[in-house]
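Working notes for the structure below.
Note that this is a predicted model, so its numbers are computed, not measured. Side chains are part of it too, since the values below use all heavy atoms of this structure and drop only hydrogens, waters and symmetry mates.
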Amino acid sequence: QLQLVESGGGLVQAGGSLRLSCVTSGIIFRLAALGWYRQAPGKRRELVAGITSGGSTNYADSVKGRFTISRDNAKNTVYLQMNSLKPEDTATYYCAAGIIVTTGVNASGKWGQGTLVTVSS
């Protein structure tokens, strides 16, 4: 069974940085397309960044140039490096595996528990 565990969230001032991690199990990690999503209160969950098995990446326009998604196949872990954080980035961040990077669809329908990122102004 697919399992995902996010970590690394916290409170940070605007302009600061955080690195989120997601450890996965129950999948052949090296073959999986992965993504980071976020959801703020009252808003729809959206794909922030995706990465294919080959390492190609895709980002939401709102985070391009500030966020970087990466993967470590030896550790079954996907990361999201977030720089130049803005208050608008405040949300609960979730990871997913088996996604469609182009459309943002999470084909597995499964999520981790999420990690909260709060950016103060």
Side-chain angles (χ1 to χ4, degrees):
Q1 177 119 335
L2 172 62
Q3 302 285 338
L4 310 107
V5 180
E6 301 97 333
S7 63
L11 176 63
V12 64
Q13 293 182 353
S17 298
L18 286 172
R19 189 179 76 155
L20 308 183
S21 300
C22 174
V23 179
T24 73
S25 62
I27 57 169
I28 304 176
F29 183 88
R30 71 182 189 278
L31 303 181
L34 307 159
W36 284 96
Y37 298 72
R38 68 185 181 189
Q39 186 168 29
K43 296 184 179 179
R44 184 180 296 273
R45 189 171 299 185
E46 63 175 352
L47 180 67
V48 174
I51 185 167
T52 69
S53 61
S56 297
T57 57
N58 184 66
Y59 298 93
D61 288 342
S62 59
V63 307
K64 284 181 179 176
R66 300 188 298 119
F67 290 11
T68 303
I69 188 171
S70 62
R71 62 192 295 157
D72 186 338
N73 289 348
K75 296 181 178 180
N76 292 346
T77 300
V78 59
Y79 303 96
L80 185 68
Q81 178 66 46
M82 305 185 295
N83 298 326
S84 301
L85 282 162
K86 304 175 180 180
E88 308 94 272
D89 297 319
T90 295
T92 300
Y93 285 72
Y94 301 87
C95 67
I99 73 166
I100 303 173
V101 174
T102 302
T103 65
V105 172
N106 178 8
S108 76
K110 294 186 177 297
W111 310 94
Q113 84 285 355
T115 185
L116 178 62
V117 172
T118 303
V119 184
S120 62
S121 60

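Remark: side-chain polar atoms of Arg66 are paired, donor with acceptor, to backbone N or O of Ser84 under 3.5 angstrom. Remark: side-chain polar atoms of Arg71 are not paired, donor with acceptor, to backbone N or O of Ala33 under 3.5 angstrom.
Closest approach of Ser108 to Ala97, counting heavy atoms only: OG-O, 3.3 Å. Here the closest heavy-atom approach between residue Gly98 and residue Ala32 is recorded as N-CB, 4.5 Å. The nearest pair of heavy atoms linking Phe29 to Asp72 is CE2-O, 3.8 Å. Minimum heavy-atom separation, Ala96 to Asn106: CB-ND2, 3.5 Å. Of all the heavy atoms in Thr115 and Ser7, the pair that sits closest is OG1-C, 4.0 Å.
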_Applying ring-ring contact (aromatic ring centres under 6.0 Å, His included) to Tyr37 and Trp111, what does each step give before you reach the verdict?_
CA-CA 10 Å; Tyr37 298 72; Trp111 310 94; 4.8 Å; yes
- Please test Tyr59 against Ile51 for side chain to side chain contact (heavy atoms under 4.5 Å, CB included), starting from the C-alpha separation and ending with a verdict. CA-CA 9 Å; Tyr59 298 93; Ile51 185 167; over 6 Å; no
| said: Assess the residue pair Arg19 and Tyr79 against the criterion (side chain to side chain contact (heavy atoms under 4.5 Å, CB included)); give the C-alpha distance rounded to whole Å, side-chain angles, the decisive distance to 0.1 Å, and a yes or no. | reply: CA-CA 7 Å; Arg19 189 179 76 155; Tyr79 303 96; 3.8 Å; yes
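Note: the hydrophobic cluster containing Leu18 also contains Tyr93 (ILVMFWY, side chain heavy atoms under 4.5 Å, direct or indirect links). Hydrophobic clustering (side-chain heavy atoms under 4.5 Å, transitive across Ile, Leu, Val, Met, Phe, Trp, Tyr) groups Val78 together with Val63. Both Val119 and Leu80 belong to a single network of hydrophobic side chains, linked directly or stepwise wherever heavy atoms of I, L, V, M, F, W or Y lie under 4.5 Å apart. In the hydrophobic cluster analysis, where Ile, Leu, Val, Met, Phe, Trp and Tyr join through side-chain heavy atoms closer than 4.5 angstrom, Ile69 is grouped apart from Val101.
Counting non-hydrogen atoms of neighbouring residues, nucleotides and ligands closer than 6.0 angstrom, the CD atom of Gln113 exceeds 12 such neighbours. Around CD1 of Ile28, the count of heavy atoms belonging to other residues, nucleotides or ligands within 6.0 Å does not exceed 12.
Put simply, the side chain of Arg38 reaches to within 4.5 Å of the side chain of Asp89, judged on heavy atoms. Here the side chains of Cys22 and Trp36 are in contact, with some heavy-atom distance below 4.5 Å. Annotation: side chain of Glu6 is not in contact with side chain of Leu20 (no heavy-atom distance under 4.5 Å). Residues Thr102 and Asn58 fail the side-chain proximity criterion, which asks for heavy atoms closer than 4.5 Å. Two residues are said to be in side-chain contact when any heavy atoms from C-beta on lie closer than 4.5 Å; Gln1 and Gln3 meet this criterion.
Atom CG of Leu4 and atom OG1 of Thr77 lie 10.5 Å apart (nearest 0.5 Å). Residue Asn76 holds its CG atom at 4.5 Å from OG1 of Thr24, rounded to the nearest 0.5 Å.
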